[in-house]
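Here is the structure we will look at, set down as structure tokens.
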Amino acid sequence: MPSSALAATAVAAVLALTATACGPEEDNAGGTPSASAGQSDGKVTLPDDLKNRLKEHGIDPDKWRDGEWKNWDKDKWLREAKDFVNPIIEDLWDPDRMRDADKPPENPVDNDISGDDGVTDPTPAPVRAAGVATPYHDNAPESGKLLFDGPKGSMVCSATVVKDPANPGKSNMVWTAGHCVHAGKEGGWYRNIAFVPAYNNDGLSLAQLETAPKEKIAPYGVWWGQWAQTSEQWIEQGAATGGQGAPYDFAVLHVTPEKGAGGKSLEETVGSALPVEFNAPAVPKIAGMTATGYPAAPPYDGQKLLQCKDKPGRLSVFREQPTMYRIGCTMTGGSSGGGWVAAGQDGKPALVSNTSIGPVTAGWLAGPRLGKEAEGIYRAVSEKYAGR
């Protein structure tokens, strides 16, 4: 198992498709392709070094645009940290494309904080997901939808604005699941990764969104991933089904606005960012956790922000790996990557996990415990953009 130093330098990339937790019983909370994804008219100029890296992978730099994923195969994934490429394609994520992006792929697991490897508590009773009161920004200002492209089309996950230790009050950092940015051991980084805070802020129906202007769908703009890091464990072990890599299924993005934000950071734009707790209290001491996300698999359509609150239990997917948090929840694929909030060591609300896996039939969700590997990634991204 890699050291925290290795995990800290782990990785980087283009955003991945969201997936629901899956296995024999579990499946990653993830996504499926959008049937309406089309060719973009965006013009992108890539630096020569990026062009050369794309050519090394058999990809024509001049064809790097929406639709290029149609030519992907298992030998053309951009997999390593040095392969990070996610140029802004202005207006690529138009209202139709944002609305039609589908639920994502699947997910993984890692490091145990409390030393209870191999422990699994009884399966929790399902907790019916409840809609967040609108406008979403007033009640969950840090939450949003993550959009990205994979070989099979446009996908969605959920994500959360988190604080940046190197830039207090001016964070451009977003927390999500590893499987929402990288396909794991059989693939590489996803493309055209973008974050939309307070997506569909007024909770409009799918029919209403078909004629809604972009400002209604993305009231705080579209923020593109400049950089992404996930764990080495997810890259080496992660799979779409079976829960492989799920204990390490977390990722951090650094984002930038597509069309400028008047010089404001993401945190300043949305007015909030959550602290991240890497030493959360033991499960018996946690009164409740709240998971938030945009579930896109039936019976949901990916357009509404929902939440589940439950007292967590423990789930051990593989005895030799760390246990995960588990709560009762009916959210489905598309909720992957969404933040789990609980009281931290100081008693104040903090992000303590993210949605990673859940059963094919829904009913519960599981998320990784955030320990030294997660903290290493978080601090590496923060330090990379310190003072910027």
Side-chain angles (χ1 to χ4, degrees), residues 18-23 25-31 103-104 106-107 109 120-134 136 138-146 156-160 175-177 179-180 198-200 203 243 246 249-250 274 277 280-281 283 286-315 323-344 349-370:
T18 327
T20 3
C22 312
E25 182 188 6
E26 308 95 52
D27 252 330
N28 296 349
K103 68 185 192 308
E106 337 268 336
N107 208 0
V109 159
T120 292
D121 292 321
T123 301
V127 171
R128 188 173 185 79
V132 174
T134 57
Y136 297 150
D138 289 354
N139 298 287
E142 306 89 0
S143 297
K145 178 178 282 193
L146 193 62
V156 294
C157 275
S158 301
T160 306
W175 192 282
T176 190
H179 74 263
C180 295
Y199 173 87
N200 187 19
D249 188 18
F250 39 74
L274 282 172
E277 176 63 74
V283 165
I286 299 176
M289 282 186 178
T290 300
T292 304
Y294 286 87
Y300 309 107
D301 61 13
Q303 310 308 317
K304 304 287 185 67
L305 186 64
L306 303 179
Q307 289 182 329
C308 290
K309 183 175 182 179
D310 194 19
K311 182 172 177 58
R314 296 162 293 184
L315 172 68
T323 58
M324 302 176 71
Y325 292 121
R326 182 164 62 163
I327 61 172
C329 186
T330 60
M331 286 199 290
T332 58
S335 62
S336 283
W340 291 26
V341 176
L351 185 141
V352 297
S353 186
N354 57 262
T355 297
S356 174
I357 60 172
V360 180
T361 55
W364 56 261
L365 296 175
R369 287 173 153 179
L370 306 182

- prompt: Quick check: does any side chain N or O of Lys145 sit under 3.5 Å from a backbone N or O of Gly302, one acting as donor and the other as acceptor?
  reply: yes

message: For Pro312 versus Gly288, what's the shortest heavy-atom pair and its separation?
response: CD-CA, 4.3 Å

message: Restricting to non-hydrogen atoms, name the atom on Leu306 and the atom on Val132 that form the minimum distance, rounded to 0.1 Å.
response: C-CG2, 4.1 Å

Ser335 and Tyr300: side chain donor to acceptor below 3.5 Å: no

message: Is it the case that over 12 heavy atoms from other parts of the model lie below 6.0 angstrom from the NZ atom of Lys309?
response: no

message: Just verifying a value: how many Å separate Met331 CE and Thr355 OG1, rounded to the nearest 0.5 Å?
response: 5.0 Å

message: Using only atom types and a distance under 3.5 Å, with no angle test, would you say the side chain of Asn354 pairs donor to acceptor with the backbone of Gly339?
response: no

query: Short question: side chain of Thr332, backbone of Ala297 - any donor-acceptor pair under 3.5 Å?
result: yes

field: Backbone of Phe250 reached by a side-chain donor or acceptor of Thr176 within 3.5 Å
entry: no

- request: Measure from the side-chain N and O atoms of Asp310 to the backbone N and O of Ile327, and report whether any donor-acceptor pair falls under 3.5 Å.
  value: no

cation_pi(Arg369, Tyr325) dist<6.0 Å, angle<=45: yes

- request: Could you tell me which non-hydrogen atom of Gly367 sits nearest to which non-hydrogen atom of Ser353, and how far apart they are?
  value: C-OG, 3.1 Å

- request: Identify the two heavy atoms, one from Gly334 and one from Ser158, that lie closest to each other, and give their separation to 0.1 Å.
  value: O-OG, 2.8 Å

field: Minimum heavy-atom distance Ala133-Asn139, with the two atoms named
entry: O-ND2, 2.9 Å

- prompt: Can you tell me if Trp364 and Thr123 form a side-chain donor-acceptor pair at under 3.5 Å?
  reply: no

task: Determine the minimum heavy-atom distance between Arg326 and Pro124, stating which atoms define it.
output: NE-CD, 3.6 Å

Going by atom type alone, with no hydrogens or angles, which donor-acceptor pairs under 3.5 Å involve a side-chain atom of residues 289-296 and a protein atom two or more places apart or on another chain?
from, atom 1, to, atom 2, distance (Å)
Thr292, OG1, Gln307, NE2, 3.0
Tyr294, OH, Tyr199, N, 3.2
Tyr294, OH, Tyr199, O, 2.7

query: Is there a donor-acceptor contact under 3.5 Å from the side chain of Thr160 to the main chain of Leu351?
result: no

- line: Rounding to 0.5 Å, atoms CH2 (Trp175) and CG (Leu274) come to a distance of 11.5 Å

query: Can you tell me how far the OG atom of Ser356 sits from the CE atom of Met324, to the nearest 0.5 Å?
result: 4.0 Å

